[in-house]
Amino acid sequence: MHNPQLNKHGELQHLLTLDGLPREVITAILDHAAPFTEVAEREVKKLPLLRGKSIFNLFFENSTRTRTTFEIAAKRLTADVVNLNVSTSSTAKGESLLDTVDNLCAMNADMFVVRHAASGAPVLIAQHLEATGRDHIHVINAGDGRHAHPTQGLLDMYTIRHYKRDFGNLSVAIVGDVLHSRVARSQIAALTILGVPDVRVIAPKTLLPTGIEKMGVRTFNDMREGLREVDVVMMLRLQNERMAGALLPTPQEYYKVWGLTPEKLALARKNAIVMHPGPLNRGIEIDSAVADGAQAVILPQVTFGIAVRMAVMSLLAGQ
Ligand code: NCD
């Protein structure tokens with residue numbers, strides 16, 4: 001099967017993963033997002049680029065930031081947004097995912113924003129739409145299992161570019177529960193595609209997927225060593241809900257070794273920025289003094305996320 005993200009003209013039809021996207025496509029999305037940050041500062045925070053379009057937010061897993069920022073982004077583009085409350089929807093009565101999708105297509109959906117615990121659910125929907133000839137409908141992956149979270153990866157790249165300008169000579173460290181993290185996978189894909197020369201992954205051995213070096217990263221099992229002289233520290237949440245067994249000691253012990261404290265952050269470059277996709281586990285992977293400190297750009301990430309999601313949605317479906 002051909003790349004399900006591209007339509008027959010080779011244009012982006014869906015955003016399912018960042019893996020394999022050309023650098024120009026990623027750069028174009030980041031460039032496209034920049035003017036949307038200004039829309040947020042206007043009294044009337046609206047542009048008519050998606051006027052009359054129906055967007056369905058299908059979140060089969062919990063979310064605060066991602067669901068809300070997708071909704072705000074769609075509304076700022078003048079789309080009509082419907083949030084399906086999955087816990088009270090018919091999937092809770094046993095309806096299949098694709099039956100749900102077919103019913104929403106019968107309501108003339110133009111776009112689905114999908115979060116699902118199963119890796120591959122958004123791809124499945126995209127293939128189903130293609131197989132049934134509904135190729136005017138777009139799918140955006142808002143996080144699937146451990147697989148990918150492409151808009152998070154993109155908003156992270158936007159944030160890095162905002163503070164560091166250029167990707168060409170950066171050292172970036174991704175720290176924590178890489179094994180269960182779709183965010184880490186999308187970040188690594190984006191950083192390597194954009195040509196960041198030094199991408200480090202810092203994690204306990206039990207939370208590192210085997211063969212991760214093949215993605216073009218260096219691995220560290222010692223946080224102090226890994227953080228030395230980096231420009232960007234990207235923290236990950238400990239994904240307790242995805243851990244099958246006891247991969248870790250207690251949260252207190254994790255914090256002692258792997259928590260980002262001011263003392264460990266001091267090993268990075270003086271002007272290093274600290275990022276986190278949220279939700280934060282304060283006192284587990286990050287100390288409050290760091291999360292609320294001068295180097296943290298965690299809340300700007302959220303704000304930039306709206307502009308980046310506006311860019312993706314308008315590039316996929318805008319007039
Ligand atoms: C992440 C997610 O759900 O993948 N959060 C987010 O989208 N901002 C990361 C996480 O849950 O740890």
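Atoms within each ligand, like the ligands themselves, are counted from 1 in listed order. Below, all heavy atoms of this structure are taken into account, side chains as well, without hydrogens, waters or symmetry copies.
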Practice prompt. Would you please name every residue forming a ring pair (Phe, Tyr, Trp, His ring centres under 6.0 Å) with F304, sequence neighbours left out?
Written response: Y158, H162
Item to complete: Begin from the C-alpha positions of Q5 and E11 and carry the test side chain to side chain contact (heavy atoms under 4.5 Å, CB included) through to its verdict.
Response: CA-CA 8 Å; Q5 300 200 95; E11 301 154 343; over 6 Å; no
Practice prompt. Enumerate the residue pairs fulfilling salt bridge (charged side-chain N to carboxylate O under 4.0 Å, His left out) with a member in residues 275-301, sequence neighbours excluded, ordered by first and then second residue.
Written response: R282-D292
Worksheet item: Is any side-chain N of the basic residue among D231 and R269 closer than 4.0 Å to the acidic one's carboxylate O?
Response: yes
One line per pair, note the atom names and distance for all nitrogen or oxygen contacts under 3.5 Å between ligand 1 and the protein.
unit_1, atom_1, unit_2, atom_2, d
ligand 1, 3 (O), R115, NH1, 3.2
ligand 1, 3 (O), R115, NH2, 3.2
ligand 1, 3 (O), R182, NH2, 2.9
ligand 1, 4 (O), R182, NE, 2.7
ligand 1, 4 (O), R182, NH2, 3.2
ligand 1, 5 (N), G278, O, 2.9
ligand 1, 7 (O), T66, OG1, 2.9
ligand 1, 7 (O), R115, NH2, 3.0
ligand 1, 7 (O), H149, NE2, 2.8
ligand 1, 8 (N), Q152, OE1, 3.4
ligand 1, 8 (N), P277, O, 2.8
ligand 1, 8 (N), G278, O, 3.4
ligand 1, 11 (O), R237, NE, 3.2
ligand 1, 11 (O), R237, NH2, 2.9
ligand 1, 12 (O), R237, NE, 2.7
ligand 1, 12 (O), R237, NH2, 3.4
ligand 1, 12 (O), Q239, NE2, 2.6

Discussion item. Among residues at least two apart in sequence or on other chains, which ones pass salt bridge (Lys or Arg N to Asp or Glu O under 4.0 Å) with R228?
Written reply: none
Discussion item. Can you confirm if the NZ or CZ of R309 lies within 45° of the ring axis of F70 and under 6.0 Å from the centre of its six-membered ring?
Written reply: yes
